[in-house]
Amino acid sequence: PYFVNIKKIQLKDVFAKEDQVSDQLTFAEESITRCFYHDQEGEEQTLWMKPAQTFIAEYKSFTSGDKSGFNLQFYEDTEAYVISRKDLLS
């Protein structure tokens with residue numbers, strides 16, 4: 001069986017972080033998601049934004065288990081459905 005957790009995520013929370021393994025697949029009910037990284041000067045650079053009700057993960061890290069080069073952040077308080085890579089593969 002799959003184990004989906006429901007999490008309340010706050011405005012601007014970063015739920016996947018660069019230099020960490022992204023091990024969660026997330027579906028946000030009501031928030032736009034932003035993917036960004038920090039450039040050589042330490043400035044945030046946005047790569048893309050996704051609408052609410054979209055499955056979100058830093059897919060390369062999620063599928064490979066390697067550290068992510070990106071951050072994922074919600075723009076609003078939202079309730080999100082989260083499943084870990086471990087639970088998805090078991």
Side-chain angles (χ1 to χ4, degrees):
Y2 297 117
F3 300 99
V4 176
N5 296 303
I6 299 173
K7 291 185 177 180
K8 292 192 183 282
I9 299 177
Q10 301 297 309
L11 166 77
K12 303 246 179 177
D13 275 358
V14 175
F15 66 95
K17 297 180 180 177
E18 56 193 306
D19 296 323
Q20 295 182 5
V21 175
S22 180
D23 64 351
Q24 296 181 336
L25 179 62
T26 306
F27 182 90
E29 281 289 326
E30 299 182 15
S31 181
I32 293 170
T33 306
R34 176 174 82 120
C35 177
F36 69 97
Y37 68 97
H38 293 92
D39 65 18
Q40 292 178 340
E41 288 79 37
E43 298 292 321
E44 291 183 0
Q45 301 295 325
T46 298
L47 291 174
W48 51 257
M49 297 179 85
K50 298 280 183 177
Q53 298 187 352
T54 303
F55 283 100
I56 301 293
E58 203 288 271
Y59 292 105
K60 184 177 178 184
S61 177
F62 182 79
T63 58
S64 70
D66 294 336
K67 290 182 180 180
S68 173
F70 308 105
N71 300 286
L72 300 176
Q73 175 184 57
F74 290 125
Y75 264 23
E76 301 173 58
D77 292 348
T78 189
E79 195 166 83
Y81 300 91
V82 179
I83 186 165
S84 72
R85 182 176 190 270
K86 178 183 170 189
D87 287 339
L88 188 63
L89 296 176
S90 61

- prompt: Hey, quick one: are Phe15 and Ile6 part of the same hydrophobic cluster, counting side-chain heavy atoms closer than 4.5 Å, chains of contacts allowed?
  reply: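 No.
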Listed partners of [X] passing side chain to side chain contact (heavy atoms under 4.5 Å, CB included), at least two apart:
X	result
Asp19	none
Glu29	Phe27, Gln53, Thr78, Tyr81
Glu44	Arg34, Phe36, His38
Asp13	Ile9, Gln10

Taking atom [atom1] of [X] and atom [atom2] of [Y], what is their separation to the nearest 0.5 Å?
X	Y	atom1	atom2	result
Ser31	Lys12	OG	NZ	10.0 Å
Cys35	Leu47	SG	CG	4.5 Å
Asn5	Ile83	CG	CD1	8.5 Å

message: Who clusters with Ile32? Use side-chain heavy atoms, under 4.5 angstrom, across I, L, V, M, F, W and Y, and order the result by chain and number.
response: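 Besides Ile32, the cluster holds Met49, Tyr75.
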Can you give the donor-acceptor pairs under 3.5 Å from side chains of residues 55-63 to other protein atoms, not counting sequence neighbours?
from: Glu58; atom 1: OE1; to: Ser68; atom 2: OG; distance (Å): 2.9
from: Tyr59; atom 1: OH; to: Phe55; atom 2: O; distance (Å): 2.9
from: Ser61; atom 1: OG; to: Ser22; atom 2: N; distance (Å): 2.7
from: Ser61; atom 1: OG; to: Asp66; atom 2: O; distance (Å): 2.5
from: Thr63; atom 1: OG1; to: Tyr59; atom 2: O; distance (Å): 2.9
from: Thr63; atom 1: OG1; to: Lys60; atom 2: O; distance (Å): 3.4

Listed once per pair and sorted, the salt bridge (Lys or Arg N to Asp or Glu O under 4.0 Å) pairs that draw on residues 67-84, sequence neighbours left out: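 Salt bridge (Lys or Arg N to Asp or Glu O under 4.0 Å) check on residues 67-84 returns Lys8-Glu79.
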message: Considering only residues two or more places apart or on different chains, which pairs with a residue in residues 45-54 satisfy salt bridge (Lys or Arg N to Asp or Glu O under 4.0 Å)?
response: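 Residue pairs passing salt bridge (Lys or Arg N to Asp or Glu O under 4.0 Å), neighbours aside: none found.
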task: May I ask you to test the Leu88-Phe3 pair for a side-chain heavy-atom distance under 4.5 Å?
output: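 Of all side-chain heavy-atom pairs linking Phe3 with Leu88, none is under 4.5 Å.
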Counterpart residues, side-chain hydrogen bond (donor to acceptor under 3.5 Å, both in side chains), relative to Ser84 (two or more places apart):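 Partners of Ser84 by the side-chain hydrogen bond (donor to acceptor under 3.5 Å, both in side chains) criterion, ordered by chain and then number, come out as Asp87.
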Test side-chain hydrogen bond (donor to acceptor under 3.5 Å, both in side chains) applied to Asn71 - qualifying residues, sequence neighbours left out: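 Checked Asn71 against side-chain hydrogen bond (donor to acceptor under 3.5 Å, both in side chains); matches are Glu18.
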query: Can you list the residues that meet the ring pair (Phe, Tyr, Trp, His ring centres under 6.0 Å) rule with Phe70, with sequence neighbours excluded?
result: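 In terms of ring pair (Phe, Tyr, Trp, His ring centres under 6.0 Å), with neighbours along the sequence ignored, Phe70 is linked to no residue.
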